[in-house]
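Down below is the structure, laid out as structure tokens.
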Amino acid sequence: MIQDFPPELQQFASDNYAGVCPQAWAAMEAANSGHAAAYGDDFWTARAADALRNLFETHCEVFFVFNGTAANALALSALCQSYHSVICSSVAHVETDECGAPEFFSNGSKLLVAATEQGKLTPDSVRALATGRSDLHFPKARAVTITQATETGQVYSIDEIKSLSAVCRELGLRLHMDGARFANACAALGRPPAELTWKAGVDVLCFGGTKNGMAMGEAVLFFDPALAQDFAYRCKQAGQLASKMRYLAAPWVGMLESGAWLANAAHGNACARRLAAAIERVPGVAALFPVEANSVFLRAPPRVLEGLREKGWRFYSFIGGAGRFMFAWDADPARVDALAADIAELAEAKRE
Ligand SMILES: *Cc1c(COP(=O)(O)O)cnc(C)c1O
């Protein structure tokens, strides 16, 4: 279904409604000169991988894939055998939005879903699922996946990640992080990427480039190189090995070397806080979840949400009936204010 709206009017339905940020675009353009070796044996790919190792302050194994579903599914399949299971939250993207790709690419590893508050797994929920069954009639728990920032815009603190990884170590589980919005989490916490990942016990990170301002592309980082064994074959088999890899890699160079990755995320987060602050005193509406990253889930009476749609605003309402607004690298503060004004006007209008 084609959803038509004037391209000059920003919509906040998703952070991937936004285009490509100038730094990523300029790097694509710079990469688009002359010939380069194919399938990742080129200068741009080496430079992008080094920029990631530099940012994470460690010699991790780095792979570039087209999108987040592939990154997550392939990373999890590298951690599991077909008879294993992966613990995740009930609102995790791997569970709700990947069409069974993690199960498919792992040849059947089962997702074990924990009912979670605000999308965060806790050490207790991991322990309960991992130890609930130990007989061979049930798939053996092997990995835990957490989303940073979560699907509902919360951020795991470094201590929370550490306490999850401690349980993982104790129970022989590997810890995977879906970082489709990892940059937003870094901006929110104001801590270096290393502290949120390998220093806190994360084994594999899927670092999202698309929602951060690139045209496409996610980086899979293995902090334990042993886990990356044969991963290149998985990527190739899954149709995720770009032959003109320089175009997947170059935007990372632009994003990381300029610092745009963090500035973009900080801007998105600031716009979410701006909307949240603007509606704080509006009667009858509230943010359904704490606003810690770049999203606001607007809880409002149906007539307000319907009124917003009538005014032309686009948004999803797939979690808890709230309207989801996501802010990307280019979100225009004036447009955020216009949204806030429309919310206030509708909420304050007398019922007919
Ligand atoms: C957007 C997103 C992804 C990646 O989705 P793709 O459409 O496959 O790129 C993964 N995890 C989360 C939490 C996301 O929001």
Side-chain angles (χ1 to χ4, degrees), residues 11-20 24 63-77 86-105 111 113-114 116 118-121 143-156 161 175-188 196-197 202 204-221 234-235 238-240 242 248 251-252 255 261 264-265 268-269 272 289 291-297 315-319 322 324-329:
Q11 293 289 346
F12 304 124
S14 171
D15 30 7
N16 49 33
Y17 275 34
V20 180
F63 300 85
F64 300 101
V65 297
F66 289 102
N67 63 27
T69 298
N72 285 335
L74 294 175
L76 290 171
S77 71
V86 177
I87 294 168
C88 69
S89 133
S90 54
V91 299
H93 198 269
V94 290
E95 160 70 4
T96 64
D97 287 287
E98 298 190 356
C99 197
E103 296 92 330
F104 178 76
F105 282 106
L111 295 181
V113 171
T116 48
Q118 303 177 357
K120 278 193 195 176
L121 287 177
V144 171
T145 176
I146 57 176
T147 308
Q148 176 77 316
T150 70
E151 288 75 5
T152 54
Q154 279 68 65
V155 173
Y156 285 91
I161 299 167
L175 184 56
H176 165 265
M177 180 176 276
D178 174 350
R181 300 190 183 88
F182 180 71
N184 299 93
C186 292
L196 279 71
T197 54
V202 172
V204 188
L205 169 71
C206 296
F207 186 173
T210 312
K211 287 169 182 153
N212 195 210
M214 291 167 36
M216 72 197 77
E218 322 277 298
V220 184
L221 278 63
R234 287 186 193 278
C235 293
Q240 290 285 324
L248 271 192
W252 284 103
M255 300 286 282
W261 74 278
N264 285 355
N269 292 359
F289 303 108
V291 176
E292 297 172 1
N294 66 328
S295 59
V296 175
F297 286 73
F315 54 91
Y316 295 110
S317 46
F318 54 83
I319 297 179
R324 186 189 80 158
F325 296 93
M326 308 283 321
F327 302 95
W329 64 273

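Note that the structure is a prediction, hence the values are computed from the model and not measured. We number each residue from 1, following the sequence as shown. When a ligand or atom number is given, it counts from 1 through the structure's own listing order.
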ask   = Looking at T147, which atoms of ligand 1 are within less than 4.0 Å of one of its heavy atoms?
value =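 It comes down to these atoms of ligand 1: 13 (C).
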Under 4.0 Å to a heavy atom of A180 - the qualifying atoms of ligand 1, by number
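Result: 2 (C), 3 (C), 10 (C), 11 (N), 12 (C), 14 (C).
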* To do: Say whether, by atom type as modelled, one donor and one acceptor occur between the side chain of Q11 and the main chain of F315 under 3.5 angstrom.
  => no
Polar side-chain atom of N212 near backbone of W261 as donor-acceptor pair, under 3.5 Å: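 Yes; at least one donor-acceptor contact below 3.5 Å.
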Practice item. For the pair N72 and T145, evaluate side chain to side chain contact (heavy atoms under 4.5 Å, CB included) and give the outcome as yes or no after the intermediate values. Key: CA-CA 9 Å; N72 285 335; T145 176; 5.7 Å; no
* Residue pair V86 / V94, side-chain heavy-atom distance below 4.5 Å ->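 Counting from C-beta outward, V86 and V94 never come under 4.5 Å.
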key: Contacts of D97 that satisfy side-chain contact (heavy atoms from CB on, under 4.5 Å) - sequence neighbours left out   =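 Testing D97 for side-chain contact (heavy atoms from CB on, under 4.5 Å), a comparison that skips the adjacent residues, returns H93.
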For A322, what residues pass the side-chain contact (heavy atoms from CB on, under 4.5 Å) criterion, not counting sequence neighbours?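 A322 satisfies side-chain contact (heavy atoms from CB on, under 4.5 Å) with L288, F297 once adjacent residues are dropped.
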So, is [X] polar-close to ligand 1, with some N/O to N/O distance under 3.5 Å?
{"X": "K211", "value": "yes"}
{"X": "D178", "value": "yes"}
{"X": "G68", "value": "yes"}

Closest heavy-atom contact between K211 and N16?
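Shortest heavy-atom contact: CE-ND2, 3.6 Å.
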**Prompt:** For R181, is the nearest heavy atom under 4.0 Å from an atom of ligand 1?
**Reply:**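 Under 4.0 Å: yes for R181.
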Quiz prompt | Any T210 heavy atom less than 4.0 Å from ligand 1 | solution =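 Per 4.0 Å heavy-atom rule, T210 does not contact ligand 1.
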Among non-hydrogen protein atoms, atom 7 (O) of ligand 1 lies closest to T69 OG1, 4.4 Å
For atom 5 (O) of ligand 1, the closest protein heavy atom turns out to be H93 CE1, 3.4 Å
Q. Between N72 and ligand 1, which residue portion shows a heavy-atom distance shorter than 4.0 Å: side chain, backbone, both, or neither?
A.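 Answer for N72: side chain.
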- For atom 13 (C) of ligand 1, the option (of E151, M326, E98) bearing the nearest heavy atom: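 Closest candidate by heavy-atom distance is E151.
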From the list I161, T147, L196, side-chain contact (heavy atoms from CB on, under 4.5 Å) with Y156 holds only for I161
